[in-house]
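I have placed the structure first, in the form of structure tokens, so that the comments after it can refer back to it.
Lettering of chains follows the sequences in order, A, B, ..., and the numbering in each one begins at 1. Quick caveat: nothing in here was measured; it's all calculated off a predicted structure.
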Amino acid sequence: MSAPERFLERLTARRAEDPSWVAARRQAGAARFEALGFPTRRDEEWKYTDVRRIAEGDFALATDAAFDTARFDEQRLDIDAYRLVLVDGVFSAELSRLDGLPAGVSLEPLSRAMAANHEAVGGSLGRLAGVDFSPFTALNTAFAEEGVIVRLAPGTVVDKPIYVLLLSRANERPVMSHPRVLIEAGARAEATIVEHYSGEPDAANFTNVVTEVLLDRGAIVDHYKLQEAALTDLHVASIHVDQGRDSRFNSYNLNLGGALVRTDLVTDLNAEGAEAAYNGLFFVQGRQHVDNHTLVNHNAPRTFSNENYKGVLDDRSRGVFNGKVFVKKDAQQIEAYQNNANLLLSDRAEIDTKPELVIYADDVKCSHGATTGQLDEEAVYALRSRGIDEPMARALLTLAFVGEVMDKVRLNVIAERVERAVAGRLPERFNLADLVETAEAIQEA
Amino acid sequence: MLEVKDLHVTVEDKAILKGLNLTINAGEVHAIMGPNGAGKSTLSAVIAGKDGYEVTQGTILFEGQDVLEMEIEERARAGLLLGFQYPVEIPGVKNIYLLKAALNAQRAARGEGEIPAPEFMKLVREKSAEMKMDPSFLQRAVNEGFSGGEKKRNEILQMLVLQPKLAMLDEIDSGLDIDAMKVVADGVNSLRDANRAILLVTHYQRLLNHIEPDHVHVLVDGRIVKSGDKDLALELEARGYDWVLEGSAA
Ligand SMILES: Nc1ncnc2c1ncn2[C@@H]1O[C@H](COP(=O)(O)OP(=O)(O)O)[C@@H](O)[C@H]1O
Ligand SMILES: [Mg+2]
């Protein structure tokens with residue numbers, strides 16, 4: 001039996017009473033996945049990332065959402081938020097907090113929306129991420145039975161972040177999950193949405209998530225993806241964004257965990273004034289492999305994108321950055337900036353970086369660049385010469401390296417987690433809280 | 001406080017210091033003068049613990065401790081601090097964070113807890129005012145985009161916050177105009193007290209008009225060939241280093 005057949009067998013065993021539109025979609029996904037098979041390194045898009053560990057795996061589907069409460073309290077972000085929790089892809093009503101949603105905000109698990117045969121959901125789901133994007137989106141389309149649907153009515157400004165926590169357990173047998181996230185922001189709606197991947201330290205599951213974000217005119221969405229899955233977890237994700245006029249999408253793609261991680265981020269700037277900011281950070285150690293593929297399509301004039309990805313690589317880890325900016329013919333007065341900088345903390349770590357601009361218009365302001373380097377030993381010495389010990393000196397310099405990206409992170413709890421992970425240890429907040437406080441104290445004086 | 005005995009140092013197999021002796025007591029200000037290439041910077045760097053120097057012979061004791069056995073950060077925490085001739089730029093690390101981390105490292109070494117934020121704020125505000133540095137410098141990355149004079153003032157600011165027992169300053173006057181020189185000198189003078197000592201490394205006499213030394217040493221070709229009081233500096237200014245060499249050869 002081929003690998004795709006083996007995966008799809010689980011589907012046949014599982015699904016029964018889907019509404020017909022869902023069933024049709026599953027069939028299309030399954031057929032496409034079977035035809036494509038898993039990508040190989042001969043495929044240009046997967047040149048540096050070998051997915052055999054996924055293809056050769058044997059993953060069941062979880063049937064319950066039980067999770068140790070003590071560990072849950074430890075893993076979850078301590079933020080005041082509307083919260084939806086999936087455990088190995090299964091919705092946990094017990095751990096979720098969906099009450100008190102303000103008018104104009106709808107937040108529900110995908111299963112509920114599908115059961116209600118929600119027309120609005122059916123119409124939007126899969127509009128951006130069809131079965132042709134990659135074998136993994138096809139696979140997700142075939143399997144997706146749980147996820148999150150966020151819908152914001154026009155003009156709704158959500159008072160608290162919407163927090164989606166996806167937990168992975170250390171199961172006796174590894175499982176797979178194919179969560180589907182759909183975010184629809186009506187005109188001028190504003191929200192912060194956090195996708196947080198975490199779990200038990202020995203979890204060795206396969207998560208294959210697809211996120212679609214539709215921004216109507218003037219909508220503003222801050223989208224955080226904080227990926228701190230177990231170092232044995234396998235994680236494939238794609239995020240697809242469609243932006244209307246004057247909308248703004250701020251992406252924070254922060255990767256700390258996972259054994260094998262691939263994230264695709266695609267934004268279509270479809271109308272004037274649309275603006276996307278891609279802030280990315282990956283910190284890898286041991287034998288972790290993290291691959292980020294980003295794409296910005298400037299499909300309309302006067303659209304803007306600004307991308308800054310920073311990688312910190314230790315031990316024998318491997319990083320891939322492939323960033324493409326595409327400017328369509330006659331899409332004039334574009335500004336597109338892209339930067340990828342990598343810091344190698346070990347001489348056995350490796351990064352493959354490929355920034356790419358494809359421009360078919362003439363009135364554009366574009367720049368791109370990629371750098372890879374090591375910590376400045378002179379700076380390490382300068383800090384030590386003031387009494388700061390070596391690990392702390394290296395931590396400070398590593399944080400300084402990611403500072404440009406971390407300064408943009410507006411949720412302090414997230415910045416703190418990331419900085420702590422990257423720096424190893426830290427007496428206090430490096431870039432934000434402490435310094436802001438200090439700066440204010442100086443101003444007051 | 002500091003006792004350097006028969007110090008021999010090589011850099012890349014080239015002998016730079018060739019049997020140097022120097023004793024500094026608490027409360028004293030010493031100036032090391034000498035021609036370019038004599039080994040002045042090497043001396044201060046070896047005492048501070050900079051890499052790349054091989055001590056082939058001799059000892060350095062600081063308050064009775066064998067300095068050569070200590071890492072550079074341990075020396076700094078023990079109160080041995082070197083102000084650099086060419087301060088390094090540290091992109092992304094804010095000045096205030098360096099000061100805080102350094103001060104807390106020193107306190108931890110003494111078994112004290114971290115400095116409370118208000119106390120720290122008061123301290124750095126006062127000290128930057130003394131160095132005529134706008135508080136905005138505290139929020140900027142260490143030395144990044146600073147002018148030559150600002151870098152030197154920043155070195156002294158670190159000294160004022162960290163209050164070393166022995167402050168060593170290598171050519172702190174180079175590249176300073178007369179006003180900046182005065183600010184730097186005032187800063188250094190404010191460190192003077194009965195429990196502290198200062199070692200100035202300088203090529204020119206003019207700094208010593210502002211920071212009056214108790215002892216002046218002439219370092220030539222890896223050895224101290226003459227020592228005296230502040231008048232020796234004036235004499236060097238008037239007569240040049242050749243005069244000392246002739247005198248010591250005779
Ligand atoms: N890192 C180094 N590598 C090679 N030679 C060095 C190094 N540092 C100093 N030297 C040499 O050592 C001698 C003394 O230098 P230095 O201590 O800087 O003198 P000074 O400060 O008195 O001008 C010079 O000949 C210089 O070229
Ligand atoms: Mg010198």
Side-chain angles (χ1 to χ4, degrees), chain A residues 281 308 310 312 339 341 343 371 373-408 415 419 422-445, chain B residues 45 48-52 71-84 86-94 96-109 114 117-118 120-122 124-126 128-129 134-139 141-144 155 158-159 161-162 164:
Chain A
L281 181 146
N308 194 3
K310 298 260 186 173
V312 179
N339 184 48
L343 175 65
T371 55
Q374 277 125 29
L375 282 184
D376 177 359
E377 290 303 322
E378 256 200 284
V380 175
Y381 168 78
L383 292 170
R384 290 177 60 205
S385 79
R386 296 299 174 249
I388 298 167
D389 65 31
E390 190 167 343
M392 176 65 96
R394 291 188 182 279
L396 290 180
L397 293 169
T398 306
L399 288 176
F401 174 79
V402 299
E404 245 174 30
V405 168
M406 296 314 299
D407 280 347
K408 299 266 165 59
E419 291 194 344
V422 171
R425 64 176 189 146
L426 202 65
E428 64 227 29
R429 280 289 289 119
F430 178 66
N431 275 310
L432 298 171
D434 177 50
L435 290 169
V436 168
E437 193 184 290
T438 308
E440 280 165 2
I442 289 172
Q443 297 305 320
E444 281 162 25
Chain B
K50 191 168 179 179
D51 287 343
E71 295 289 345
I72 182 166
E73 55 266 44
E74 294 175 304
R75 299 184 203 195
R77 281 179 235 148
L80 257 176
L81 229 52
L82 172 62
F84 296 104
Y86 304 107
V88 177
E89 298 192 4
I90 314 181
V93 175
K94 286 173 177 138
I96 192 146
Y97 210 92
L98 178 151
L99 292 170
K100 201 168 182 187
L103 187 60
N104 282 332
Q106 192 189 79
R107 290 169 68 102
E114 292 195 353
F120 175 71
M121 288 317 310
K122 188 166 171 293
V124 292
R125 268 201 317 260
E126 268 172 27
S128 12
D134 189 89
S136 64
F137 274 94
L138 295 167
Q139 294 299 322
V142 180
N143 293 328
E144 197 180 32
E155 290 293 288
Q158 292 171 9
M159 298 271 173
V161 170
L162 298 174

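For A/R386, the salt bridge (Lys or Arg N to Asp or Glu O under 4.0 Å) partners at least two apart in sequence or on another chain are B/E155. With sequence neighbours left out, the salt bridge (Lys or Arg N to Asp or Glu O under 4.0 Å) criterion links A/K310 to A/E404.
Taking CD of A/E378 as the reference point, atom CZ of B/F84 lies at 9.0 Å (rounded to 0.5 Å). A distance of 7.5 Å separates OH of A/Y381 from CG of B/D51, quoted to the nearest 0.5 Å. With rounding to the nearest 0.5 Å, the separation of CD in B/E73 from OG in A/S385 is 9.5 Å. To the nearest 0.5 Å, atom CD1 of residue A/I388 and atom CD of residue B/Q106 are 11.0 Å apart.
B/V93 and A/L396 get closest at one heavy-atom pair: CG2-O, 3.8 Å. Residue B/A76 comes nearest to A/G387 through the heavy atom pair CB-N, 3.3 Å, listed as atom of the first residue, atom of the second, then distance.
Both the backbone and the side chain of B/L98 have a heavy atom closer than 4.5 Å to some heavy atom of chain A.
Of the residues B/E74, B/E71, B/K50, the one that meets the side chain to side chain contact (heavy atoms under 4.5 Å, CB included) test with A/R384 is B/E71.
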